[in-house]
Amino acid sequence: MMESHVDTGQLLRYSTSTVGLITSVGPRGTNVMTAEWTYMVARRPPHFAVGCQTTNYSTRLILDRGEFGLTLCDASMASLAEFEGSFSGADVDKLPSAALELRDPVVTGCPTVIGGPLSAECRVVNVVDLPDYALVVGEAVWLTTDEVANKDPLVKHGGMYQLGEEIRSMLISASATACPDGSVRVCAVAQGVDPESETDWTVALRSNAHVLHTTTGGDCLDVVIPPPARHLPGDHLVIARSDCQPAHVALPRLAGEPPDRRGGESHA
Ligand SMILES: Cc1cc2nc3c(=O)[nH]c(=O)nc-3n(C[C@H](O)[C@H](O)[C@H](O)COP(=O)(O)O)c2cc1C
């Protein structure tokens, strides 16, 4: 339910996405509009969803023809994106913009904009009617990517931004789950580590530092360990590796164990 103090006009400042340029074709030729709500929503085959305001000229063209082109922008395309999103193709011809270069269609009848990390030609497979918007889902029938442009995507978050540094928190997040046979499944990820690294993971009891399990390598741990033989009420598991801050998780209540021997809530 909506909180009464939320200004819905400001909600776009709270979402983040790569800006897209959406191409469509009508009786007067190709039109381009900017859509920050352009998302990949399935992988095999790739599908993309675009949130299109129903009053946009592009929306009508896309729905009439059942196809559209999309290009995810890089930072060099910020001015072009601002322009294509500020005027309607119903009133003006937006194509003569100096910064806009179109790629001839390959599979559909829709050109795509040259530049950016990814361009695709899509056939509409579904349309979800929403208040003031149509969420148009298209299957990509042709697609190209550019590794260089992909290093510098155009990010919308209220204003337009470039990406910052990659997050490498070097923190472990983990859980311990009691299995019906009395064993304990320990799941953990080490955010920011090299997945190819050969660093050891250890799972130990906090009360006596007894190591219950060791695994070498990977950025993810998923093991089932026997129930610890001797542990104290409220005991925790310490999941650690030398390159990260460890995680402490409460031992789950083991099969046959009375409720009062259970440890506290898990915490990192
Ligand atoms: C940065 C930016 C992002 C935008 N994102 C969207 C969007 O996700 N969906 C949408 O319907 N309109 C979006 N718009 C507005 C349309 O691009 C704008 O209404 C445009 O004039 C529509 O063009 P058309 O009438 O030629 O289709 C955005 C505009 C800008 C500047």
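First listed ligand is number 1; within each ligand, the first listed atom is number 1. Note that the structure is predicted; figures quoted are calculated from it, not measured.
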* Any side-chain heavy-atom pair from His231 and Leu251 closer than 4.5 angstrom? -> yes
* **Identity and separation of the nearest protein heavy atom to atom 15 (C) of ligand 1** => Gly85 O, 3.9 Å
* Could you check atom 11 (O) of ligand 1 against the protein and tell me its nearest heavy-atom contact, residue, atom and distance included? => Gln53 N, 2.7 Å
* Structure fact -> Looking at Glu84, Lys156, Lys94, the heavy atom closest to atom 23 (O) of ligand 1 belongs to Lys94
* Give yes or no for whether the N/O distance cutoff of 3.5 Å, strictly under, is met between Trp37 and ligand 1. => yes
* To do: Tell me which protein heavy atom sits closest to atom 9 (N) of ligand 1, plus the residue, atom name and distance to 0.1 Å.
  => Gly51 O, 2.8 Å
* For atom 12 (N) of ligand 1, what's the nearest protein heavy atom and its distance? -> Asn56 ND2, 3.5 Å
* **atom 3 (C) of ligand 1 - nearest protein heavy atom and its distance** => Glu36 OE2, 3.5 Å
* Asked: Distance from Asp93 atom CG to Asn31 atom CG, nearest 0.5 Å?
  -> 8.5 Å
* Polar contact flag for Ala81 and ligand 1 (N/O pairs, less than 3.5 Å) -> no
* To do: Please could you name the atoms of ligand 1 that Asn31 approaches to less than 4.0 Å, counting only its heavy atoms?
  => 24 (P), 26 (O), 27 (O)
* Under 4.0 Å from any heavy atom of Met33, which atoms of ligand 1 are there? -> 22 (C), 23 (O), 27 (O)
* Considering only heavy atoms from C-beta outward, does the side chain of Ile225 approach that of Val203 to under 4.5 Å? -> yes
* Asked: Any side-chain heavy atom of Val155 within less than 4.5 Å of one from Leu163?
  -> yes
* Any chance you could measure Cys73, atom SG, to Glu36, atom CD, to the nearest 0.5 Å? => 11.5 Å
* **Cys122 side chain near Val141 side chain, heavy-atom distance below 4.5 Å** => no
* Candidates Leu70, Thr18, Thr71, Leu21 - the one meeting side chain to side chain contact (heavy atoms under 4.5 Å, CB included) with Thr38 -> Leu70
* Asked: Considering distance alone, does some N or O of Thr34 sit under 3.5 Å from an N or O of ligand 1?
  -> yes
* Are side-chain heavy atoms of His210 and Arg230 found at a separation under 4.5 Å? -> no
* To do: Among all protein heavy atoms, pick out the one at the shortest distance from atom 25 (O) of ligand 1; state its residue, atom name and that distance to 0.1 Å.
  => Ser88 OG, 2.6 Å
* When you look for heavy atoms under 4.0 Å from ligand 1, do you find them on the side chain of Ala35, its backbone, both, or neither? -> both
* To do: Would you check whether Gly89 has a nitrogen or oxygen atom less than 3.5 angstrom from a nitrogen or oxygen atom of ligand 1?
  => yes
* Under 3.5 Å, is there a donor-acceptor pair between the Arg103 and Ser119 side chains? -> yes
* **Residues forming a side chain to side chain contact (heavy atoms under 4.5 Å, CB included) with Thr30, sequence neighbours excluded** => Thr23, Val25, Leu95, Leu102, Pro111
* What's the shortest distance from atom 21 (O) of ligand 1 to any protein heavy atom, and which residue and atom give it? -> Phe87 O, 2.8 Å
* To do: Do me a favour and list the nearest non-hydrogen protein atom to atom 27 (O) of ligand 1 with residue, atom name and distance?
  => Ser58 OG, 2.5 Å
* To do: Decide, yes or no, whether a salt bridge links Arg241 with Asp200 under the criterion of side-chain N to carboxylate O below 4.0 Å.
  => no
* To do: For ligand 1, find out whether one of its N or O atoms is nearer than 3.5 Å to an N or O atom of Ser86.
  => no
* Structure fact -> The atoms of ligand 1 lying under 4.0 Å from a heavy atom of Cys52, numbered in the order shown, are 11 (O)
* Structure fact -> Tyr133 meets the ring pair (Phe, Tyr, Trp, His ring centres under 6.0 Å) criterion, sequence neighbours left out, with Trp37
* Asked: At a 4.0 Å threshold, what atoms of ligand 1 neighbour a non-hydrogen atom of Glu82?
  -> 31 (C)
* Structure fact -> Under 4.0 Å from one or more heavy atoms of Tyr133, ligand 1 contributes atoms 11 (O)
